[in-house]
Every structure is written in C-alpha cells, then in structure tokens.
Asks: 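Right, I'll just put the structure down here and ask away after.
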Amino acid sequence: MCNLYSITTNQAAIIALFRVINRYVGNLPPMPGVYPDYPAPVVRNTDAGRELAMMRWGMPPPPRAGGAPVTNIRNTSSPHWRGWLKPENRCLVPANSFAEFAPERNPDTGKKDIVWFAQSEARPLFSFAGIWTEFRGDRGTKSKPIPGPHLVYGFLTTAANAIVEPIHSKAMPVILTTDEEYDVWMRAPWDEAKALQRPLPDDALSIVARGDLKEDPALAA
C-alpha cells in the first residue's frame, strides 16, 4: 500500500490544473515526503466550485476493524466506504510521485529500498482519486493528541500495473492524469466514476528513484 508520496508543485499550478475557485491552505511549502496523518492539500467540491483545503491523510477505519486510520481504499463495495463515494465526498489529491518498499532487502544496506514512481523524470502533477470526510476524534500521537474535528482523506487503490507489480504486487494508487478524468471523478455518478478505479497504463509510469530515500530526491532539494 502507498503510505508515502510527494507534492511539490506550487499552489498556483495546482489551482490552475484542477480549476480551483477557493483556497484555504495558507502558504503551501513543498512536501517531498507526505506520510500518513500528515496534513496535505486536497481539492474537494463545494456549492461554489472546487476548493483547495488542507486535510490529514487517513480515513476512519471500519468500526469492527479498529486500528489505524486507512490511507488506501480498495474494496469500494464495502458498506463502510460506499457512503463516501458520492461526488460530495470525492476529492482530488495532488501529487508528483509516490513510493513503495521493495520486496527484497538491498544486499548492500540490509534494508528494503524505497522505490519512487512518477509519470516521468520531470515529475508532472497528477491526482490520486480520493475521498474525504470530517472526523471528530483525536489525531496525532497518543502522547500528543490533536483534538478534532479534522478533515481527513484517503485514496483508492487498484491492481498493480507491470511497472509497480515487481515492487508491490498487490496494489497501486488510482491515478488520474487528464481534465476529463478529474471531471468524471468529481462530478459523475458512481456507476460511471468507478471505471476510473483501474491501473495506470504501463507506459504512463516510470521508476524515477530507488534507495534509502524517504523523500523524493529530485524534489527534496
């Protein structure tokens, strides 16, 4: 599962690409490493149009499952997720790259490499297909809880394509790359939007970095 990604494209470019009307993010510094429960920019629908807001990464887990917030959602037929699949709870999660741990340890380091994926070496802006909600409980750590309410998000996953599969065989994030896909995800009924829960074509994704890299090295400078 994807528990690390980057978003370093500036706020003006995010607003332009995703046709944002309002923004509530203040100054938006580059984030070469976004981890679970980090606040990050998300584009959501409002009555006035699309809005850029900061949300924490991780949706409430199913009550019976308990455990940590859920960053990646695969089973969209589950009653727990079904209520958040309507357009009012869908969102675009801007990103430039994402990472997965390699399955085998690097013999030189004894650790599993962190492998970064992007559309190309230039790391153009794309979006994960996300959902969001308001969470009224605490977030943060047990020693330093941050009381709610919090706006929180996660994004869908799907079967891995041929680029991701050797590194992470079970899944990859659902990635949107065109204006049409953004519009369908944000506005269409679920019967239409669910077709976007598919792997990105193999030729649309590349491995752009590999090693002990907890931030995308091309974006961390």
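Please read these numbers as outputs of a predicted model, since none were measured by experiment.
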Asks: Who are the ring-ring contact (aromatic ring centres under 6.0 Å, His included) partners of Phe101, not counting sequence neighbours?
Replies: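 Phe101 satisfies ring-ring contact (aromatic ring centres under 6.0 Å, His included) with no other residue.
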Asks: Measure from the side-chain N and O atoms of Arg123 to the backbone N and O of Ala118, and report whether any donor-acceptor pair falls under 3.5 Å.
Replies: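 No; zero donor-acceptor contacts below 3.5 Å.
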Asks: Considering non-hydrogen atoms only, spot the tightest contact between Leu92 and Arg50 and give its length.
Replies: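 Closest approach of Leu92 to Arg50, heavy atoms only: CD1-NH1, 4.1 Å.
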Asks: I'd like to check the side chain to side chain contact (heavy atoms under 4.5 Å, CB included) partners of Ala68; sequence neighbours left out, ordered by chain and number.
Replies: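 Partners of Ala68 by the side chain to side chain contact (heavy atoms under 4.5 Å, CB included) criterion come out as none, since no residue qualifies.
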Asks: Kindly say whether Ala162 contributes a backbone atom to a donor-acceptor pair with the side chain of Asp202 at under 3.5 angstrom?
Replies: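 Yes, the answer is positive, given that a donor and an acceptor are paired below the 3.5 Å cut-off.
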Asks: Is the shortest heavy-atom distance from the side chain of Met54 to the side chain of Leu28 under 4.5 Å?
Replies: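 Contact flag for Met54/Leu28 side chains = yes.
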Asks: Quick check for you: to the nearest 0.5 Å, what is the distance between Asn96 atom CG and Met31 atom CE?
Replies: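 Between Asn96 CG and Met31 CE, I get 11.5 Å after rounding to 0.5 Å.
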Asks: Just wondering, do Val184 and Glu181 contact through their side chains at under 4.5 Å, heavy atoms?
Replies: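 No, side chains not in contact.
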Asks: Under the side-chain hydrogen bond (donor to acceptor under 3.5 Å, both in side chains) test, which residues partner Ser77, sequence neighbours left out?
Replies: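 With neighbours one apart ignored, the set is Asn75.
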Asks: Mind checking what makes side-chain hydrogen bond (donor to acceptor under 3.5 Å, both in side chains) contact with Arg23, not counting sequence neighbours?
Replies: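 Scan of Arg23 (side-chain hydrogen bond (donor to acceptor under 3.5 Å, both in side chains), adjacent residues dropped) gives Gln11.
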Asks: Taking only residues two or more places apart in sequence, or in another chain, which ones meet Phe135 in a ring-ring contact (aromatic ring centres under 6.0 Å, His included)?
Replies: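 Result, ring-ring contact (aromatic ring centres under 6.0 Å, His included) vs Phe135: none returned.
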Asks: Return the orientation label for the Phe155 and Phe128 ring planes: parallel under 30°, perpendicular over 60°, tilted otherwise.
Replies: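 Ring orientation, 0 to 90° scale: parallel.
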Asks: Verify, without hydrogens or angle tests, whether Asn106 (side chain) and Lys111 (backbone) share a donor-acceptor contact under 3.5 angstrom.
Replies: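 No.
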Asks: Can you name the closest pair of heavy atoms from Ser127 and Val93 and give their distance?
Replies: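 Nearest heavy atoms, Ser127 then Val93: OG-N, 3.2 Å.
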Asks: Indicate the atoms forming the closest heavy-atom contact of Gly33 with Tyr38, along with that distance.
Replies: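 Smallest heavy-atom distance, with atoms named: O-CE2, 3.7 Å.
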Asks: For Glu100 and Ala171, which heavy atoms make the closest approach, and how far apart are they?
Replies: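 Looking at all heavy atoms of both residues, the closest pair is OE2-O, 4.3 Å.
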Asks: The criterion is side-chain hydrogen bond (donor to acceptor under 3.5 Å, both in side chains); which residues satisfy it with Gln119, sequence neighbours excluded?
Replies: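 Result, side-chain hydrogen bond (donor to acceptor under 3.5 Å, both in side chains) vs Gln119: none returned.
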Asks: Which distance, rounded to the nearest 0.5 Å, do you find between the CD of Gln197 and the CD1 of Ile73?
Replies: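 Answer for the CD-CD1 pair, Gln197 versus Ile73, is 9.5 Å.
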Asks: State yes or no: do Ile21 and Met186 share one hydrophobic cluster built from I, L, V, M, F, W and Y residues joined by side-chain heavy-atom distances below 4.5 Å, directly or via other members?
Replies: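 No: no chain of side-chain contacts under 4.5 Å links Ile21 to Met186.
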Asks: Under 4.5 Å between side-chain heavy atoms, hopping through other hydrophobics if needed: is there a path connecting Trp190 to Trp132?
Replies: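 Linked within one cluster.
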Asks: With rounding to the nearest 0.5 Å, note down the distance linking CG in Leu156 to CZ in Arg198.
Replies: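 One finds 11.0 Å between CG of Leu156 and CZ of Arg198.
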Asks: In terms of the angle between their ring planes, are Phe126 and Phe98 parallel, tilted or perpendicular, with boundaries placed at 30° and 60°?
Replies: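 Phe126 and Phe98: perpendicular rings.
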Asks: Determine yes or no for a side-chain-to-main-chain donor-acceptor pair under 3.5 angstrom, with Thr157 supplying the side chain and Pro173 the backbone.
Replies: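 No, Thr157 side chain to Pro173 backbone: no donor-acceptor pair under 3.5 Å.
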Asks: With side chains defined as the heavy atoms from C-beta onward, is the minimum distance between Phe117 and Met172 less than 4.5 Å?
Replies: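 Result no, sub-4.5 Å side-chain heavy-atom pair not found.
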Asks: Rounded to the nearest 0.5 Å, what separates atom CD1 in Ile114 from atom CG in Leu4?
Replies: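 Atom-to-atom, Ile114:CD1 and Leu4:CG are 6.5 Å apart.
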Asks: Do Tyr153 and Ile146 belong together in a cluster built from hydrophobic side chains that touch within less than 4.5 Å?
Replies: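 Result: no, two separate clusters.
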Asks: Looking at side-chain heavy atoms only, is the closest gap between Trp57 and Asn72 below 4.5 Å?
Replies: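 Counting from C-beta outward, Trp57 and Asn72 do come under 4.5 Å.
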Asks: Is there a side-chain contact between Leu151 and Val42, using heavy atoms and a 4.5 Å cut-off?
Replies: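 Counting from C-beta outward, Leu151 and Val42 never come under 4.5 Å.
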Asks: Which pairs pass salt bridge (Lys or Arg N to Asp or Glu O under 4.0 Å) with one or both residues in residues 152-168, sequence neighbours excluded?
Replies: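 Sorted pair list comes back empty.
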Asks: I'd like to know if the side chain of Asn45 and the backbone of Pro87 have a donor-acceptor N/O pair within less than 3.5 Å.
Replies: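 Yes; judged by distance alone, with no hydrogens or angles, the pair exists.
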Asks: Can you give the donor-acceptor pairs under 3.5 Å from side chains of residues 204-213 to other protein atoms, not counting sequence neighbours?
Replies:
{"from": "Arg210", "atom 1": "NE", "to": "Asp113", "atom 2": "OD2", "distance (Å)": "3.0"}

Asks: Can you name the nearest heavy-atom pair linking Gly49 to Thr46, along with the distance?
Replies: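 Smallest interatomic distance, heavy atoms only, reads O-OG1, 2.5 Å.
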Asks: Quick one: CD1 on Ile7 to CG on Leu125, what's the gap to the nearest 0.5 Å?
Replies: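 Reported value, rounded in 0.5 Å steps: 5.0 Å.
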Asks: On a heavy-atom basis, which atom in Asn161 and which in Pro201 lie closest, and how many Å separate them?
Replies: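 Heavy atoms only, the tightest pair is ND2-O, 3.8 Å.
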Asks: Quick one: are Trp185 and Val174 in side-chain contact, heavy atoms under 4.5 Å?
Replies: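 When only atoms from C-beta onward are counted, Val174 and Trp185 do not touch, as no gap falls below 4.5 Å.
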Asks: What pairs of residues pass the side chain to side chain donor-acceptor pair (under 3.5 Å) test when at least one of them lies in residues 80-93, not counting sequence neighbours?
Replies: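 The answer is Trp84-Thr133.
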Asks: Keeping to residues at least two apart or across chains, list the salt bridge (Lys or Arg N to Asp or Glu O under 4.0 Å) pairs with something in residues 24-39.
Replies: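 Matches after skipping sequence neighbours: Asp37-Arg56, Asp37-Arg139.
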Asks: Could you verify whether a donor N or O on one side chain and an acceptor N or O on the other, from Thr71 and Asn3, lie under 3.5 Å apart?
Replies: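 Asn3 and Thr71 do have a side-chain donor-acceptor pair below 3.5 Å.
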Asks: Roughly how far apart are Trp116 CH2 and Ile167 CD1, rounded to 0.5 Å?
Replies: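 Going from CH2 on Trp116 over to CD1 on Ile167, the span is 14.0 Å.
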Asks: Please list all pairs passing the salt bridge (Lys or Arg N to Asp or Glu O under 4.0 Å) test where one or both residues lie in residues 145-163, with sequence neighbours left out.
Replies: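 Applying salt bridge (Lys or Arg N to Asp or Glu O under 4.0 Å) to every pair that reaches into residues 145-163, excluding sequence neighbours, yields nothing.
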Asks: Are any non-hydrogen side-chain atoms of Arg19 and Val43 less than 4.5 angstrom apart?
Replies: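 Sidechains of Val43 and Arg19: no contact.
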Asks: Residues two or more places apart in sequence or in another chain: which of them pass side-chain hydrogen bond (donor to acceptor under 3.5 Å, both in side chains) with Ser6?
Replies: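 Result, side-chain hydrogen bond (donor to acceptor under 3.5 Å, both in side chains) vs Ser6: Ser97.
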Asks: Counting C-beta onward and ignoring hydrogens, is there a side-chain heavy-atom pair between Leu196 and Leu176 closer than 4.5 Å?
Replies: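 A side-chain contact exists here, since the closest heavy-atom pair is under 4.5 Å.
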